[in-house]
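One structure is given below, encoded as structure tokens.
Note that the structure is predicted; figures quoted are calculated from it, not measured.
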Amino acid sequence: MESDSGLVSSEGNNMKAVLCQRCGSKVLLPGSARYCRKELFLPSMKKKNALVADNSPGGEMLTDHWLVDDMYTFENVGFTKDVGNIKYLVCADCEIGPIGWHCLEDRKSFYVALERVKHE
């Protein structure tokens, strides 16, 4: 992702606020996350309850993410129950997701997929 996209600063941080695509709730403030490329599988977008109940969800591999190293950096995010050693990130207001991914083995890495959020 190039900095001329208007999303990533020269330091590699988000230049705009990160919002839920569905309800517009603010997930991250500008400058609070770092851009990274990592291949992660995210199930298709659903309500939180359906996401946890689905044993074999369809989904997609996503590469472009905002990386947050402290869960308290988020303005508004929820977490699913454990799915194996993963918790999925969802919008805390409308509970749609997953918008991101967190591995329980790595306490300091929370990924938010750029394709699952909007920026303002």
Rounded to the nearest 0.5 Å, how far does CD of Glu39 lie from OG1 of Thr63?
4.5 Å

Establish whether Tyr111 and Tyr88 are linked, either directly or via other cluster members, by ILVMFWY side-chain heavy-atom contacts under 4.5 Å.
yes

Are the charged groups of Arg37 and Asp64 less than 4.0 angstrom apart, N to O?
yes

Heavy-atom nearest pair, Ser44 first then Pro98, reads O-CD, 3.7 Å

Student check: side-chain heavy atoms of Trp101 and Ser109 closer than 4.5 Å
no

Nearest-0.5 Å distance that lies between atom CE in Met71 and atom CZ in Arg107:
9.5 Å

Would you call the rings of Phe79 and His102 parallel, tilted or perpendicular, taking 30° and 60° as the class edges?
perpendicular

Any idea which heavy atoms bring Ala17 and Lys26 closest together, and the distance?
CB-CE, 4.3 Å

Could you tell me which non-hydrogen atom of Asp93 sits nearest to which non-hydrogen atom of Cys23, and how far apart they are?
CB-SG, 4.1 Å

Criterion salt bridge (charged side-chain N to carboxylate O under 4.0 Å, His left out) on Lys87 and Asp82, from CA distance to verdict
CA-CA 5 Å; Lys87 282 187 181 280; Asp82 298 0; 2.8 Å; yes

Indicate if Leu19 and Val112 have the same hydrophobic cluster label, given that clusters are the connected sets of ILVMFWY residues with side-chain heavy-atom separations under 4.5 angstrom.
no

Do Leu40 and Met61 have side chains that approach each other closer than 4.5 Å (heavy atoms only, starting at C-beta)?
no

Assess the residue pair Cys20 and Ile96 against the criterion (side-chain contact (heavy atoms from CB on, under 4.5 Å)); give the C-alpha distance rounded to whole Å, side-chain angles, the decisive distance to 0.1 Å, and a yes or no.
CA-CA 8 Å; Cys20 174; Ile96 201 77; 3.9 Å; yes

If you apply the rule side-chain contact (heavy atoms from CB on, under 4.5 Å), what do you find for Leu28 with Phe74, and how did you get there?
CA-CA 5 Å; Leu28 289 165; Phe74 290 102; 3.6 Å; yes

Among side-chain atoms of Asn14 and Tyr35, is any donor-acceptor pair under 3.5 angstrom?
no

For residues Glu60 and Glu115, determine if any side-chain heavy atom of one lies less than 4.5 Å from a side-chain heavy atom of the other.
yes

Does the pair Val8 and Met15 meet the rule for a side-chain contact (heavy atoms from CB on, under 4.5 Å), with working shown?
CA-CA 6 Å; Val8 183; Met15 292 176 58; 5.8 Å; no

Shortest non-hydrogen contact from Arg116 to Leu42?
NH2-O, 3.4 Å

Please name the residue in the list Val68, Leu62, Leu67 that meets the side-chain contact (heavy atoms from CB on, under 4.5 Å) test with His65.
Leu62

Apply salt bridge (charged side-chain N to carboxylate O under 4.0 Å, His left out) to Glu95 and Arg22, showing your working.
CA-CA 10 Å; Glu95 294 192 339; Arg22 182 171 180 232; over 6 Å; no

Going hydrophobic residue to hydrophobic residue with side-chain gaps under 4.5 angstrom, can you get from Leu7 over to Val27?
yes

Looking only at non-hydrogen atoms, find the nearest pair between Gly31 and Asn13 and report the distance.
O-ND2, 3.9 Å

Steps toward side-chain contact (heavy atoms from CB on, under 4.5 Å) verdict (Cys103, Asn85):
CA-CA 6 Å; Cys103 178; Asn85 67 341; 3.7 Å; yes

Any idea which heavy atoms bring Ala33 and Trp66 closest together, and the distance?
CB-CB, 3.7 Å

